[in-house]
Amino acid sequence: MTALVDATGVALATGEPRRRIVSLIPSTTEMLCALGLADQLVGVTVYCREPAAVTRTKTRVGGEKDPDLDAIKALAPDLVIANVEENRPEDVRQLIAAGLNVMVTFPRTVAAGIAMMRQISEMTDSVETARPIIEEASAALAEARAKSEARRPLRVFCPIWRNPWMSVGPDTYIHDFLNVCGGLNIFARRHERYPITDMNEVARKDPQVILLPDEPYRFGAKHLPEVSKYPYVSAVRDQRVHLIEGKHLCWYGPRIAGSLRFVQALLWGAEPNDAGIAAGATRS
């Protein structure tokens, strides 16, 4: 039996059947179901809603930041999947101290997201089911990189919060995702993972494209005037302000291939034929 190492350096055994899994990350919950593990999934967070037909039948174990540790222990899982950023280290430590097998993830690039999917498939004995999903994601990544290498990057502003405005810095999944798609994150030189900013600073950086995702902050049409009041900004002038489903930008897993193709088409002016864009999305 081989061993894998999770994001915290803990060695994890592979090849064992996992009959009872608790997922503490919404995107991972969706991934597990795509890998054919819906029946083994016994516990999810209150924010795990995809796929709805599966998650509505599962035991809710609190939120990512405030999980019900007693409820998790009562489910007697043989695998708990957590995340460095989404879950608190003290909660992970308590689960490990209780004797539970905890796998901690932390992909910060698209390639790492694909590798994580492969790792989880090996952890859960679902390699064959995962193979075509991983192959498609890897092909889409190579395709996106090849197209981007032939283009001059577009300056992109992608906020994740408002009041205060926050964006993404380097060493984040969204930063790498945008880069792969041919976008130049206007905060690429900031050292913080999530730099605080304001729209005046954003305007000075003159993004050519602005993406307003609906998660973690739910940007919508009512926020467009806050951006469009800067008519001299290239993205506003050229009508390149997009409302977008946030899952495209930050859900690693079975969405990777479609999201890469969708966002790259969106950045470069093609009209992507994809149902994943948020309902009512507009260009300002």
Side-chain angles (χ1 to χ4, degrees), residues 1-108 112-127 129-130 134 171-173 193-194 215-216 247 250-254:
M1 185 179 299
T2 60
L4 297 175
V5 177
D6 76 359
T8 63
V10 174
L12 302 165
T14 65
E16 299 177 357
R18 303 293 173 177
R19 297 183 176 87
R20 301 183 64 79
I21 304 172
V22 170
S23 171
L24 299 181
I25 316 103
S27 59
T28 300
T29 296
E30 181 182 61
M31 180 194 307
L32 291 169
C33 293
L35 298 184
L37 299 166
D39 290 342
Q40 290 93 315
L41 188 63
V42 296
V44 299
T45 75
V46 296
Y47 301 107
C48 294
R49 300 190 178 98
E50 300 289 345
V54 174
T55 56
R56 70 165 65 103
T57 69
K58 304 301 179 180
T59 299
R60 302 287 179 172
V61 295
E64 288 121 306
K65 304 298 184 186
D66 56 349
D68 185 335
L69 301 183
D70 290 334
I72 294 173
K73 296 172 190 175
L75 289 171
D78 49 33
L79 178 63
V80 178
I81 303 181
N83 179 271
V84 168
E85 194 165 60
E86 297 299 320
N87 307 118
R88 302 187 309 171
E90 56 266 36
D91 293 327
V92 171
R93 286 194 295 267
Q94 287 191 52
L95 292 173
I96 294 173
L100 299 183
N101 183 28
V102 182
M103 176 183 183
V104 183
T105 64
F106 193 30
R108 285 161 284 180
I114 296 172
M116 185 196 79
M117 191 158 37
R118 181 179 294 108
Q119 187 180 47
I120 288 178
S121 75
E122 293 175 5
M123 277 289 296
T124 57
D125 197 23
S126 58
V127 172
T129 305
I134 291 172
D171 196 36
T172 61
Y173 184 88
R193 284 179 60 78
Y194 303 110
E215 65 175 83
K247 294 180 180 66
C250 60
W251 278 44
Y252 27 81

Enquirer: How long is the gap from CG on Leu37 to CE on Met123, to the nearest 0.5 Å?
Expert: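 Output value for this atom pair is 11.5 Å.
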Enquirer: To the nearest 0.5 Å, what is the distance between CD1 (Ile134) and CE (Met116)?
Expert: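 CE of Met116 is found 10.0 Å from CD1 of Ile134.
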Enquirer: Partners of Arg118 by salt bridge (Lys or Arg N to Asp or Glu O under 4.0 Å), sequence neighbours excluded?
Expert: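 By the salt bridge (Lys or Arg N to Asp or Glu O under 4.0 Å) rule, Arg118 matches no residue at all.
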Enquirer: Give every residue pair that meets the side chain to side chain donor-acceptor pair (under 3.5 Å) criterion with at least one member in residues 39-63, sequence neighbours excluded.
Expert: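 Checked against side chain to side chain donor-acceptor pair (under 3.5 Å) - neighbours excluded - no pair reaches residues 39-63.
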Enquirer: Answer yes when Asp125 and Arg18 have at least one side-chain N-carboxylate O distance shorter than 4.0 Å, and no when they do not.
Expert: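 No.
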Enquirer: Counting only pairs under 3.5 Å, give me each side-chain donor-acceptor contact of residues 75-83, with atom names and distances, residues two or more places apart or in other chains.
Expert:
residue: Asp78; atom: OD1; partner: Arg20; partner atom: N; Å: 3.3
residue: Asp78; atom: OD2; partner: Arg19; partner atom: N; Å: 3.0
residue: Asp78; atom: OD2; partner: Arg20; partner atom: N; Å: 3.4
residue: Asn83; atom: OD1; partner: Glu85; partner atom: N; Å: 2.8
residue: Asn83; atom: OD1; partner: Glu86; partner atom: N; Å: 3.0
residue: Asn83; atom: ND2; partner: Thr105; partner atom: O; Å: 3.1
residue: Asn83; atom: ND2; partner: Thr105; partner atom: OG1; Å: 3.2
residue: Asn83; atom: ND2; partner: Tyr252; partner atom: OH; Å: 3.3

Enquirer: Quick check for you: to the nearest 0.5 Å, what is the distance between Met117 atom CE and Thr28 atom OG1?
Expert: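 If I round to the nearest 0.5 Å, the distance is 10.5 Å.
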Enquirer: Any idea which heavy atoms bring Asp171 and Arg108 closest together, and the distance?
Expert: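 Minimum heavy-atom contact is OD1-CD, 3.4 Å.
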Enquirer: If you look only at pairs with a residue in residues 90-104, which of them pass as a salt bridge (charged side-chain N to carboxylate O under 4.0 Å, His left out), with sequence neighbours excluded?
Expert: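 Qualifying pairs, neighbours excluded: Arg88-Glu90, Arg88-Asp91.
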Enquirer: Can you give me the closest heavy-atom contact between Ser121 and Ala130, atom names plus distance?
Expert: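 In this case the closest contact between Ser121 and Ala130 is CB-CB, 3.5 Å.
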Enquirer: Only counting residues at least two apart or in another chain, list the ones meeting side-chain hydrogen bond (donor to acceptor under 3.5 Å, both in side chains) with Glu30.
Expert: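 Scan of Glu30 (side-chain hydrogen bond (donor to acceptor under 3.5 Å, both in side chains), adjacent residues dropped) gives Arg255.
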Enquirer: Just so I know, are the side chains of Leu24 and Ile72 near enough to count as touching, which here means a heavy-atom distance under 4.5 Å?
Expert: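 With C-beta onward as the side chain, the pair touches.
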Enquirer: Working to the nearest 0.5 Å, report the span between OG of Ser23 and CD of Glu64.
Expert: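 So the OG of Ser23 and the CD of Glu64 are separated by 9.0 Å.
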Enquirer: Enumerate the salt bridge (charged side-chain N to carboxylate O under 4.0 Å, His left out) contacts for residues 66-75, please, sequence neighbours excluded, ordered by first and then second residue.
Expert: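 Qualifying pairs, neighbours excluded: none.
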Enquirer: Holding to side-chain hydrogen bond (donor to acceptor under 3.5 Å, both in side chains), I want the full list of residues that pass it with Thr172, two or more places apart in sequence or in another chain.
Expert: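 For Thr172 there are no side-chain hydrogen bond (donor to acceptor under 3.5 Å, both in side chains) partners, ignoring immediate neighbours.
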Enquirer: What pairs with Cys33 under side-chain contact (heavy atoms from CB on, under 4.5 Å), at least two apart in sequence or on another chain?
Expert: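 Partners of Cys33 by the side-chain contact (heavy atoms from CB on, under 4.5 Å) criterion, ordered by chain and then number, come out as Ala38, Leu41, Pro51, Val54.
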Enquirer: Can you give me the closest heavy-atom contact between Cys48 and Thr29, atom names plus distance?
Expert: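 Residues Cys48 and Thr29, closest heavy atoms: SG-OG1, 3.1 Å.
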Enquirer: For the residue pair Val61 and Gly43, what are the closest heavy atoms and their distance?
Expert: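 In terms of heavy atoms, the two residues are closest at CG1-CA, 4.5 Å.
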